[in-house]
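Some notes on the structure that comes next.
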Amino acid sequence: QVQLVESGGGLVQAGGSLRLSCVASGFTFSTYHMAWYRQAAGKQRELVASTSRLGPTNYADSVKGRFTISRDNAKNAVYLQMNSLKPEDTAVYYCKVAVGGRDYWGKGTLVTVSS
């Protein structure tokens, strides 16, 4: 079965950095588009960044130039390097993949940015 496990969240001061990881299993990781989403309290879940199986990436305007998504197909992992963090980046961050027409999500990892 498809499983996604996120890690790397925590409390950081504004201007700091964090690196999130998502380890996947249950599908052929290298052939799938992977994405990071986030959901702040009281807000809808939003796309942060995505990476296709061939490498091209896409970012939300709010994180362009600060966040970098990458993947390691040998480790079945996708990463989100977050720099210059802002209080408005505070949210639960989720990893997502669509397999067989169904979306699969991890349980998320909480990122809290203090001002």
To the nearest 0.5 Å, atom NZ of Lys86 lies from atom OG of Ser84 at 8.0 Å

In short, ring-ring contact (aromatic ring centres under 6.0 Å, His included) pairs touching residues 92-115 with sequence neighbours left out are Tyr37-Trp105

Quiz item: Should Val92 and Met34 be regarded as members of a common hydrophobic cluster, given that ILVMFWY residues are connected when their side-chain heavy atoms come within less than 4.5 Å of each other, either directly or indirectly?
Solution: no

Value for OG (Ser114) from CD (Gln13), rounded to nearest 0.5 Å, stands at 5.0 Å

Sorted by chain and number, sequence neighbours left out, side chain to side chain contact (heavy atoms under 4.5 Å, CB included) with Thr112 holds for Leu11, Thr90, Leu110

Between the CE atom in Met82 and the CG atom in Leu18, the distance rounded to the nearest 0.5 Å is 4.5 Å

Here the pair of heavy atoms bringing Ala91 nearest to Ala40 is CB-N, 3.8 Å

Donor-acceptor pair, distance only, cut-off 3.5 Å: does the side chain of Gln81 make one with the backbone of Phe67? no

Original post:
Heavy-atom distance under 4.5 Å between the side chains of Thr68 and Thr57, does that happen here?
Top reply: no

| query | Heavy-atom distance under 4.5 Å between the side chains of Leu4 and Cys95, does that happen here? | reply | yes

So the ring-ring contact (aromatic ring centres under 6.0 Å, His included) pairs with at least one residue in residues 15-35 (sequence neighbours excluded) are Phe27-Tyr32

Residue set satisfying side-chain hydrogen bond (donor to acceptor under 3.5 Å, both in side chains) with Asp89, at least two apart, ordered chain then number -> Arg38, Arg66

Taking Thr28 for its side chain and Ser30 for its backbone only, find out whether a donor-acceptor pair lies under 3.5 Å. no

- Group every Ile, Leu, Val, Met, Phe, Trp and Tyr by side-chain heavy-atom contacts under 4.5 Å, then state whether Val23 and Val99 land in the same group. no

By side-chain hydrogen bond (donor to acceptor under 3.5 Å, both in side chains), Arg45 pairs with (sequence neighbours left out) Gln39

Evaluate Thr109 against Ser7 for side chain to side chain contact (heavy atoms under 4.5 Å, CB included), listing each step before the verdict. CA-CA 6 Å; Thr109 185; Ser7 62; 5.6 Å; no

The salt bridge (charged side-chain N to carboxylate O under 4.0 Å, His left out) partners of Lys64 (sequence neighbours excluded) come to Asp61

Between the NZ atom in Lys43 and the CD atom in Glu88, the distance rounded to the nearest 0.5 Å is 8.5 Å

query: Are Leu80 and Val48 close enough that some pair of their side-chain heavy atoms sits under 4.5 Å apart?
result: yes

Side-chain contact test, heavy atoms from C-beta onward, threshold under 4.5 Å: evaluate it for Asn58 versus Leu47 and give yes or no. yes

Out of curiosity, does Tyr79 fall in the hydrophobic cluster containing Trp36 (side-chain heavy atoms, cut-off under 4.5 Å, transitive links)? no

